[in-house]
There are 2 protein chains.
Amino acid sequence: MTFRDEEGDMPKGPTSADVAREAGVSQSTVSYVMSGKRPISPETRRRVQEAIDRLTYEPHAGARALAGHRTSTIAVVVPMKPEAGAQRLMMFVEEIVLAARRRDHDVLLVTADEGPAGLRRVAGRSLCDAVVVMEVGTEDERVAVARSLPLPVVFIGIPGDSTGLDCLDFDFEGAGGLLVAELADLGHRTVDVLGWGPDAVAQGINYVPRFERGARATAAERGVELRWHRPAGEADVRGAVDRALDSGEVPGLVLVTAIPETLRALSDRGRRPGRDADVVGLATDSEAESYGLTAASTQPRDVSRRVMERVFALIDDDTVPGRGPELVPAVLARRGSTRAARPAG
Amino acid sequence: MTFRDEEGDMPKGPTSADVAREAGVSQSTVSYVMSGKRPISPETRRRVQEAIDRLTYEPHAGARALAGHRTSTIAVVVPMKPEAGAQRLMMFVEEIVLAARRRDHDVLLVTADEGPAGLRRVAGRSLCDAVVVMEVGTEDERVAVARSLPLPVVFIGIPGDSTGLDCLDFDFEGAGGLLVAELADLGHRTVDVLGWGPDAVAQGINYVPRFERGARATAAERGVELRWHRPAGEADVRGAVDRALDSGEVPGLVLVTAIPETLRALSDRGRRPGRDADVVGLATDSEAESYGLTAASTQPRDVSRRVMERVFALIDDDTVPGRGPELVPAVLARRGSTRAARPAG
DNA sequence: CTGAAAGCGCTTACAG
DNA sequence: CTGAAAGCGCTTACAG
């Protein structure tokens, strides 16, 4: 209703000098009250705090960054391609923002398609104190750049060469093993895996080989035969299901992706998970819940939480060297009708 | 492989003073070369640019913000609840980031659950030059705060009282009208609308009443009877479909949400869209495409693009008053088998 | 436990 | 077309 600029000059907002004057102390005391970096008498602290509240003072972020050599900002590099599963992505990001806010930090959003240049930019311009890179590839240019930057970079995902790097991820290898073991326990001698398509493999998505390694190792151990079905594209998901069903037995299926589509394809062929098929998968808790799936649960929030712990450890103590890869354990969650399922064989 | 801090002191990165020395000009000239705010001789410009490149100089964002009174950052307030449709959300956000980057701006990510305090914080700390608030409610505390802030706030969505505000959105009222008209054109005298649940209504999601108003107006105009089915919850989606099908005729359905579930429910009852049912909906282009749906297309990218045009218009000229609501037109996209469908009646 | 002052790295009048 | 200098609003040695 009113003009934004009623008095003709921008409302400037109070500075720490204003607060100092109001509280009858020096500017440095105001600063130390806010940072807690030196002892302040209770009386002084109270007066300063009251002045801050009265003036609704907020420190100027840029001035603080310039003088203090820290921005209180974490940059996060996000792959903005919805194929990656927008929902999972949001869970990662949400927890990153929440963890940052708990430490009174902000989050700068950078898109992955800026590539290595994005890392150089946010570091060069002193836009942040640390950066989180989501979905690092097996071979990823950003890894080399990260090593050369003068600020901490934490990766979600495990690149091929992770020595001296800070990276962590859900334990996809363990997950692959758990899922195959689950079907083996149910009596299956043959397990059909509906895996990632050739595109995911080509992109160097780092968890694909790790999952497959874990599945293979356990299959070998348990004497189970693994049949891989890699849909050529989205359209081939049903085809892969068809192929798995054509053996005639009650199938044991491991799903790593395209879960609703796969379940629909099963249902269209009259197979009820838990009765006519044993279906387990790689899924978030909420996916497992809504599909009644036994799942090796990938919990984005847990991973993000650990990532942010690492980030702040590195910010707080910049002598800490890269701690190398850290894996968030896979947990098998049995749900819904799959639970008591028993195969025919 | 090397320690992050090899020489014992942080690599400081070149400053504009270094560039000035290297190019044999003053610091102010470096600044003016970068900003283009005053004429520079070609020869000087070249020397400075070469020095910048040679030193890989990047300006310190905080120093720039402090001296220049602008941060080159846009804050975006995002509802991090996946119910809102993570995929749509990502499309909005992606385009916001891209538009910001085109103008060499960065994006600060703020979660909606900070509420009005989040707006006060990013403004008070001078963390950004403008803020975009996604999914404003019909009654939303953030609107009043926005009016009082000394920087531009642009809303996605149309709040109840939008006078003097900068807000824009997809034209849901027009979309409601288009969809009902489409079914009327196909000969339907009765249209079943699978609408939002009572929770969405209670939350004050601003586009629900707008859509319903548009649908009702067109229904009255065309002499069509509207039957609303508001699923009580996710579990009731199939129930709503069942109720719509129980009339016995070839139904005309308008879907506003839960599209895959609804289509599955239809298919389970043996109804093929475009033959045994005419189905239209509110959807993004990619949803319409993959479900073969005639859709009033909601194009997040278009909306974001317009939002960012507004944002930069306000940043570039801070005397512009709030322009009030702007609606991005609804477009009806006919796709797949629905196209030639004709009802029995 | 507190203060006076230098300095962080830019931008922008002011001056020529 | 260009330069010298003030100043943006903080933090942090330095001093007491």
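Not measured: the values here are computed from a predicted model. Throughout, a chain's letter reflects where its sequence line sits, starting with A, and its residues are numbered from 1.
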Would you mind listing every ring pair (Phe, Tyr, Trp, His ring centres under 6.0 Å) that reaches into residues 33-56 of chain B, with sequence neighbours excluded? none
About how many Å separate CD of A:Glu326 and CD of A:Glu309, when rounded to the nearest 0.5 Å? 8.0 Å
Taking only residues at least two apart or on different chains, which pairs with a member in residues 113-157 of chain A satisfy ring pair (Phe, Tyr, Trp, His ring centres under 6.0 Å)? none
Name all residues meeting the salt bridge (charged side-chain N to carboxylate O under 4.0 Å, His left out) criterion together with B:Arg120; count only those two or more places apart in sequence or in a different chain, and write none if there are none. none
For every nucleotide of nucleotides 9-16 of chain D, 5' to 3': is a protein heavy atom under 4.0 Å from its base (B), only from its sugar-phosphate (S), or from neither (-)? BBBBBB--
Using a 3.5 Å distance criterion without hydrogens, assess whether the side chain of B:Asp53 forms a donor-acceptor pair with backbone atoms of B:Glu50. no
Nearest 0.5 Å, what's the CZ-CE distance between A:Phe92 and A:Met134? 5.5 Å
Pairs flagged by ring pair (Phe, Tyr, Trp, His ring centres under 6.0 Å) wherever residues 102-126 of chain A is involved - sequence neighbours left out: A:His105-A:Phe312
Scan A:Ser126 against the nucleic acid and name what it touches under 4.0 Å (heavy atoms): base, sugar-phosphate only, or nothing. nothing
Dot-bracket notation for DNA chain D is requested: 5' to 3', Watson-Crick or G-U wobble pairs only, both distances under 3.5 Å, with ( ), [ ], | and . as defined. |||.||||||||.|||
What distance do B:Asp113 atom CG and A:Glu94 atom CD have between them, rounded to the nearest 0.5 Å? 6.5 Å
